[in-house]
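Keep in mind that what you see is a predicted model, and the values were worked out from it rather than measured. Residue numbers start from 1 in every chain, and the chains themselves are labelled A, B, ... in the order their sequence lines are given, proteins ahead of strands.
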2 protein chains.
Amino acid sequence: MLKAQRHSYIMEKLRAEQKVVTTDLAVDLDLSEDTVRRDLNELDRKKLLKKVYGGALLIKERSSNTFNVHISAEEKKEKIVIKALSLLHDDQVIIMSGGTTNLVFAKFIPEHLKLTIYTYSLPIAMQLSKLPNIELILIGGKMQKSAMVTIGIDVIQVLSKIRADICFIGASSINVKQGLTEVGYEVSVVKKAMIASSDKVVSMFTSNKLNTKMPHGVCELQELDTIVTELDPDDDRLEKYRKTGIKIL
Amino acid sequence: MLKAQRHSYIMEKLRAEQKVVTTDLAVDLDLSEDTVRRDLNELDRKKLLKKVYGGALLIKERSSNTFNVHISAEEKKEKIVIKALSLLHDDQVIIMSGGTTNLVFAKFIPEHLKLTIYTYSLPIAMQLSKLPNIELILIGGKMQKSAMVTIGIDVIQVLSKIRADICFIGASSINVKQGLTEVGYEVSVVKKAMIASSDKVVSMFTSNKLNTKMPHGVCELQELDTIVTELDPDDDRLEKYRKTGIKIL
DNA sequence: ATCAAAATTGCGGGAGTTTGCATTTTGTGT
DNA sequence: ACACAAAATGCAAACTCCCGCAATTTTGAT
């Protein structure tokens, strides 16, 4: 593996986990710890991370005016959202949940579409602000800082008054028995409200979310109209889901 | 084989595998490594790939997952907000309007302060999300895309129910006779509501806003408790404002 | 067709990089 | 203060790169 690739691997892992451990990286990359240390030192010199005893930490620059959102597996997500674009038409009212898949979706919405979009995700609202033909309503509430979304009773209240054509809902986990499930209780409640206010429910997620489970239920699989993954709709891994009669893109 | 053919072979392999290795390409193409290197350097010069030690990598345009806010006269604004930090104490409830001066302020709030902050500005909410001890409430509503703030009746309604210790209010324009004035009607209404809900009103702005006027009134000078500029409080340009009895930092 | 200039290629060798190991130094927790 | 892990240092081997040069091919003009 090329050194430059190692550096991107390290930075990627760092962004995902906030820290990296020298010994782990040596195993991951199948290299001596010496080399890993040299890599870390080099990246430290370039101010891309902060080397500490035992590994390295993510640098958080307080000075920059840029807000960065890290998107993992971006190519897969691009494949997903391009398929989902076919669901959009002029004059629809849409609710979008948070999550990076939906953020990629926001990036791909064509400029000419005239839509009304409700969202409670800050990055998605920022992204959609670039589109002149979108009527954009940001749903306010208490900020959940880690996910950059608002949560709580205020969000539920606003959602309950909307009548939307489609909601696009990210997924933490999905399986045939329990349907959609979430890590956080508050987010699960918000998603329930989204579903209740929408005529059609679409969930987009990467295939690694398939057949996984989280503590808080959102809805049964049957309540979803369409799911979109990066897989071919005929893929074996979707077999069980096809049998439920759900639409798969 | 022609050079152009080699180049397309290299680019194709690069797109397929994200990287190419000089020695592998020399074998694939049955050429000396020197020639491969020359090819790679040439493609690098044309910005079609990124040459690295040992091979080359795909150039990936950092597709904008970054949201950038341009801040003019940032040094002046830093001077202002550092003075204003003295107004903050643990357990205060604060309302912040939009504007880049307030954004700089958000960047300078110390990590240890425990505050409850209401804002209707997306960039400010993003910035404040980095602070673990802040209870952050984003006020939702229709997005005004140009300013990255929410406006409208929803914002007013939320603001009217708050009882805040201080509000930090940006200024489009200020003069002794008319007080604070705004370009947009909607923003002027929101700012009136902010003021009505706060015990103390602080306005921060750069000195170029002094003695200017906009169409929509926000409040009389007397309604402000404190103004903060980058000037020395004894500066001649603030003479008229000092006479009104307003506090100047 | 002929020739010269320009471009391309491979090679030798020197310079520069990278890597793992041995050794020494430094840092951490008990 | 101690033991032990992590890091820095020095070093040699292997690898990669670049320069100049000569051989070869291509190009373009006569």
On a heavy-atom basis, the closest approach of B:K83 and B:T229 is NZ-O, 2.7 Å
Nearest heavy-atom contact between B:H89 and B:L113 is C-CD2, 4.0 Å
Close side-chain approach of A:F205 and A:I227, heavy atoms under 4.5 Å
yes
So A:R45 and A:N41, do their side chains get closer than 4.5 Å, heavy atoms only?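 Side chain of A:N41 against side chain of A:R45, heavy atoms only: contact under 4.5 Å found.
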Can you check nucleotides 2-4 of chain D for protein contacts, nitrogen or oxygen pairs under 3.5 Å, and list what you find?
none

Residues in residues 26-41 of chain A with a heavy atom under 4.0 Å of DNA chain C, by number, are A:L31, A:S32, A:D34, A:T35, A:R38
Side chain to side chain contact (heavy atoms under 4.5 Å, CB included) test vs B:I94 passes for just one of B:T116, B:T119, B:D165, B:L88, namely B:L88
B:R37/B:E33 under salt bridge (Lys or Arg N to Asp or Glu O under 4.0 Å): CA gap, chis, key distance, verdict: CA-CA 6 Å; B:R37 261 191 282 279; B:E33 292 184 16; 3.7 Å; yes
Can you sort out which residues in residues 15-23 of chain B have a heavy atom within less than 4.0 Å of DNA chain D? Ascending by number, please.
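Residues of residues 15-23 of chain B that come under 4.0 Å of DNA chain D are, in numerical order, B:T22, B:T23.
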*asked:* Output the rounded distance in Å from CD (B:E42) to C1' (D:dC18).
replied: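 After rounding, the gap between these two atoms is 16 Å.
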In whole angstroms, the gap separating P of D:dC17 from CG of B:D44 amounts to 12 Å
| field | Contacts of type side-chain contact (heavy atoms from CB on, under 4.5 Å), residue A:V189, not counting sequence neighbours | value |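 Once residues adjacent in sequence are excluded, the partners of A:V189 under the side-chain contact (heavy atoms from CB on, under 4.5 Å) criterion are A:I156, A:Y185.
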Worksheet entry | Test side chain to side chain donor-acceptor pair (under 3.5 Å) applied to A:K77 and A:T206, step by step | CA-CA 7 Å; A:K77 288 174 183 170; A:T206 48; 5.6 Å; no
Set out, line by line, the N/O atom pairs under 3.5 Å between protein and nucleotides 25-30 of chain C.
none

Going by distance alone, is a donor N or O of one side chain under 3.5 Å from an acceptor N or O of the other, for [X] and [Y]?
X      : Y      : result
A:Q157 : A:D154 : no
B:S97  : B:N102 : yes
B:E230 : B:S207 : yes

| 5' precedence on DNA chain C between A:L2 and B:K3 (nearest-nucleotide basis) |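 The residue whose closest nucleotide sits nearer the 5' end is B:K3.
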The complete set of side-chain hydrogen bond (donor to acceptor under 3.5 Å, both in side chains) pairs with one or both residues in residues 1-13 of chain B, sequence neighbours excluded, reads B:K3-B:E42, B:R6-B:D39, B:H7-B:D39, B:Y9-B:D28, B:K13-B:D28
Under 4.0 angstrom between A:K51 side-chain N/O and D:dA7 OP1 or OP2
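Answer is yes, contact under 4.0 Å.
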